[in-house]
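Order of listing sets the numbers, starting from 1, for every ligand and every atom in it.
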Amino acid sequence: MDRIKNYIDGKWVESKSGETFRSINPARRNEVVGVVVRSGREDVDQAVKAAQQAYESWRLTPAPRRGEILFKAAEILSRDKESLGRLETREMGKVLSEGLGDVQEAIDMGYYMAGEGRRFSGETVPSELPAKDMKSLRVPVGVFGLITPWNFPIAIPSWKVFPALICGNTAVLKPSSDTPVCATKFVEILVEAGLPKGVLNLVHGPGGEVGEYLASHPGVDAISFTGSFDTGKRLEGICGAIHRMIVTEMGGKNAIIVMDDANLDLAVEGAIWGGFGTTGQRCTAATRLVVHRKVYQKFIEKFRKRASRLKLGDGLQKETHVGPVINESQFNKILRYVEVGKKEGAKLILGGKACQKGNCAEGYFIEPTIFVNVSPEMRIAQEEIFGPVVSVIQTEDLEEAIRIVNRTPYGLSSAIYTQDVNSSAVAERDLETGIVYINASTIGAEIQLPFGGIKHSGYGRKEAGGRGGALDTYSRWKVIYRDFSGRLQKAQIDK
Ligand code: NAD
């Protein structure tokens with residue numbers, strides 16, 4: 001068991017209060033993964049001060065040099081991938097292959113953003129005047145507060161920390177209190193890679209206290225948040241009132257459309273991994289399946305049969321397909337939603353119960369759950385449950401399916417399974433989500449394109465790579481006009 005400290009101004013330190021909280025393994029409630037310092041306002045004050053002090057020299061460190069540190073961090077992440085993946089499984093519960101995948105995303109992001117250090121370019125454009133030139137430069141924003149959730153406990157911190165640092169910002173990271181050990185190991189790696197003191201600081205503690213104080217702290221210039229809509233909306237309110245830049249990545253109610261010409265086996269696989277991968281705890285999880293009337297029964301039978309073979313258990317065990325849910329409060333919330341679904345008149349054809357026997361006896365396990373005959377306006381089809389609960393909705397045609405997909409407050413990810421190029425083109429055009437998949441599930445984004453949703457999922461395109469991705473979030477434009485007509489006039493006078 002580790003003792004997990006804050007990292008402030010280049011030192012691992014206790015919190016001022018001396019209080020602690022525990023991070024536990026959701027598959028084995030008795031296993032404590034780390035005892036973690038519980039921070040308060042004074043700790044945040046110190047972390048912000050350290051980030052402010054480090055800013056001057058970090059912003060003047062050439063971007064390629066900053067990139068070298070990120071590259072080294074990616075190398076260390078690769079070296080430690082196996083142990084980090086196992087830690088993720090112990091602390092967050094996802095199966096080991098997914099834990100390793102999460103670390104791989106951080107590795108990819110490290111290399112990608114390291115490269116951005118040599119591509120940190122703006123524009124030069126011609127002026128209307130003969131003795132004038134003009135250009136735009138990317139410059140850092142200042143001190144970033146980074147607030148992250150638990151479901152991708154290394155990847156999401158990396159999605160924020162790497163681009164923030166390559167752009168020349170300094171930062172204070174406030175990770176989820178459900179996965180503080182993973183975040184700490186990630187920071188340790190940046191320290192080993194040679195990050196100067198104060199550039200990245202880490203503060204553990206409850207979101208309502210530490211996160212909210214960080215978001216409103218006068219020494220912070222911008223906030224980047226990933227988490228639930230309710231928290232994000234609250235933080236948008238706080239930042240809006242003090243004219244502070246905030247970017248938010250929030251929840252989803254993502255859907256897969258299965259058309260009558262779809263390859264049903266492929267669609268079932270997509271629905272299985274989209275719905276039950278990471279135990280349904282992905283912002284991009286496929287929680288609604290909108291299935292064409294002509295293949296509805298056949299699809300349901302195949303989907304139910306396939307889902308009933310999924311094995312629950314500790315994600316470190318090879319035979320496990322689906323791990324636990326993160327904590328008691330999520331466990332209770334998901335089971336409450338099952339009751340809501342039953343009351344609303346949806347038909348439960350699989351699961352719907354906690355699993356508390358055998359491999360599951362010690363953890364927060366919920367059986368993969370399928371509701372059919374769901375109508376689009378039911379709460380289980382509108383609200384983010386964030387667990388292994390999938391709603392199947394019947395549709396008449398493509399146009400109706402697209403209307404159903406679009407009719408939720410969220411807009412993160414969607415997918416369509418069809419063999420018809422015209423149907424896929426219409427879906428691509430009309431689905432109101434930040435990401436659309438064709439013949440693939442709603443999950444599996446790659447880092448070299450921008451990532452983000454619209455509506456209650458966020459403002460779109462603020463993370464990862466590509467044009468309009470993370471660099472636009474973590475840098476701002478400065479425009480330079482230079483007039484050298486005085487020099488020309490002098491030359492004429494001299495003549
Ligand atoms: P959450 O909103 O409860 O917490 C997210 C972070 O905010 C945590 O660090 C938490 O401590 C902090 N926090 C909580 N209350 C706060 C407050 N009042 N002020 C400041 N900070 C506060 O979310 P979660 O349960 O950790 O994560 C699950 C949610 O995250 C889901 O809704 C999921 O869809 C979303 N998510 C979105 C994306 C995306 O990219 N769109 C990715 C992953 C997860």
*Asks:* Please identify which atoms of ligand 1 are closer than 4.0 Å to at least one heavy atom of Pro175.
*Replies:* 9 (O)
*Asks:* For Thr226, which part has a heavy atom under 4.0 Å from ligand 1: side chain, backbone, both, or neither?
*Replies:*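 It is both parts that get close, each with some atom under 4.0 Å.
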*Asks:* Select the closest option to atom 35 (C) of ligand 1 among Gly251, Gly227, Pro149, Gly232, judged by heavy-atom distance.
*Replies:*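 Nearest heavy atom to atom 35 (C) of ligand 1 lies in Gly227.
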*Asks:* For ligand 1, is Gly458 a contact, meaning one of its heavy atoms is under 4.0 Å away?
*Replies:* no
*Asks:* Any salt bridge between Arg41 and Glu209, counting N to O under 4.0 Å?
*Replies:*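 The answer is no: the pair does not qualify as a salt bridge.
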*Asks:* Before accepting this row, confirm whether a basic side-chain N of the pair Arg119/Glu116 lies closer than 4.0 Å to the acidic partner's carboxylate O.
*Replies:*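 Counted as a salt bridge, because a side-chain N and a carboxylate O are separated by less than 4.0 Å.
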*Asks:* Could you check atom 10 (C) of ligand 1 against the protein and tell me its nearest heavy-atom contact, residue, atom and distance included?
*Replies:*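 Answer, as residue, atom name and distance: Lys174 NZ, 3.8 Å.
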*Asks:* Just need the protein heavy atom nearest to atom 32 (O) of ligand 1, so name the residue and atom and give the distance.
*Replies:*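 Protein heavy atom at minimum distance: Glu384 OE1, 2.6 Å.
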*Asks:* Would you mind running through ligand 1 and noting each atom that sits below 4.0 Å from a heavy atom of Trp150?
*Replies:* 24 (P), 25 (O), 26 (O), 27 (O)
*Asks:* For atom 28 (C) of ligand 1, find the nearest protein heavy atom and state the residue, atom name and distance (0.1 Å precision).
*Replies:* Phe386 CE2, 3.6 Å
*Asks:* I need the contact type for Leu214 against ligand 1. Using non-hydrogen atoms and a strict under-4.0 Å cut-off, is it side chain, backbone, both or neither?
*Replies:* neither
*Asks:* I'd like to know if Glu362 pairs up with Arg29 as an ion pair, taking the criterion as any Lys NZ or Arg NE/NH1/NH2 lying under 4.0 Å from an Asp or Glu carboxylate oxygen.
*Replies:*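 Result for this pair is no, no salt bridge flagged.
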*Asks:* Considering both backbone and side-chain atoms of Met250, is one of its nitrogen or oxygen atoms within less than 3.5 Å of a nitrogen or oxygen in ligand 1?
*Replies:* yes
*Asks:* Step by step, would you call Asp314 with Asn359 a side-chain contact (heavy atoms from CB on, under 4.5 Å)?
*Replies:* CA-CA 7 Å; Asp314 184 334; Asn359 280 343; over 6 Å; no
*Asks:* Side chain, backbone, both or neither: which part of Ile156 comes within less than 4.0 Å of ligand 1 when only heavy atoms are counted?
*Replies:*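 Within the 4.0 Å criterion, Ile156 contacts ligand 1 through side-chain atoms alone.
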*Asks:* At under 4.0 Å between heavy atoms, which part of Ser177 makes contact with ligand 1: side chain, backbone, both or neither?
*Replies:* neither
*Asks:* Can you tell me which portion of Phe229 lies within the under-4.0 Å heavy-atom range of ligand 1? Options are side chain, backbone, both, or neither.
*Replies:*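 For Phe229, there is no contact with ligand 1 at all, from either part.
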*Asks:* Mind jotting down which residue pairs meet the side-chain hydrogen bond (donor to acceptor under 3.5 Å, both in side chains) criterion with at least one end in residues 94-108? Sequence neighbours excluded, please.
*Replies:* Lys81-Gln104, Glu98-Thr278, Gln104-Asp108, Glu105-Trp159
*Asks:* When you measure from atom 30 (O) of ligand 1 to the protein, is at least one non-hydrogen atom found at a distance under 4.0 Å?
*Replies:*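 Given the 4.0 Å limit, the answer for atom 30 (O) of ligand 1 is yes, a protein heavy atom qualifies.
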*Asks:* Could you say whether the N/O atoms of Ser228 and ligand 1 ever approach to under 3.5 Å?
*Replies:* yes
*Asks:* Kindly check if the number of other-residue, nucleotide or ligand heavy atoms within 6.0 Å of NZ (Lys333) is above 12?
*Replies:* yes
*Asks:* Does the pair Arg336/Glu339 count as a salt bridge with the N-to-O cut at 4.0 Å?
*Replies:* no
*Asks:* I need the contact type for Asp230 against ligand 1. Using non-hydrogen atoms and a strict under-4.0 Å cut-off, is it side chain, backbone, both or neither?
*Replies:*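 No part of Asp230 comes within reach of ligand 1.
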*Asks:* Which heavy atom of the protein is the closest neighbour of atom 21 (N) of ligand 1, given with residue, atom name and distance?
*Replies:* Gly207 O, 3.5 Å
*Asks:* Which of the numbered atoms in ligand 1 are below 4.0 angstrom from a heavy atom of Cys283?
*Replies:*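 It comes down to these atoms of ligand 1: 34 (O), 36 (N), 37 (C), 38 (C), 39 (C), 40 (O), 41 (N), 42 (C), 43 (C), 44 (C).
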*Asks:* Tell me the closest heavy-atom pair linking Ile246 and Glu236, and the distance in Å.
*Replies:*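 Smallest heavy-atom distance, with atoms named: CD1-N, 4.0 Å.
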*Asks:* I'd like to know whether ligand 1 has Ser176 as a neighbour, heavy-atom separation below 4.0 Å.
*Replies:* yes
*Asks:* Could you tell me whether Glu31 and Arg90 have a side-chain N and a carboxylate O separated by less than 4.0 Å?
*Replies:* yes
*Asks:* Please report, to 0.1 Å, the donor-acceptor pairs under 3.5 Å made by any side chain of residues 143-156, with sequence neighbours excluded.
*Replies:*
unit_1, atom_1, unit_2, atom_2, d
Asn151, ND2, Gln281, O, 3.0

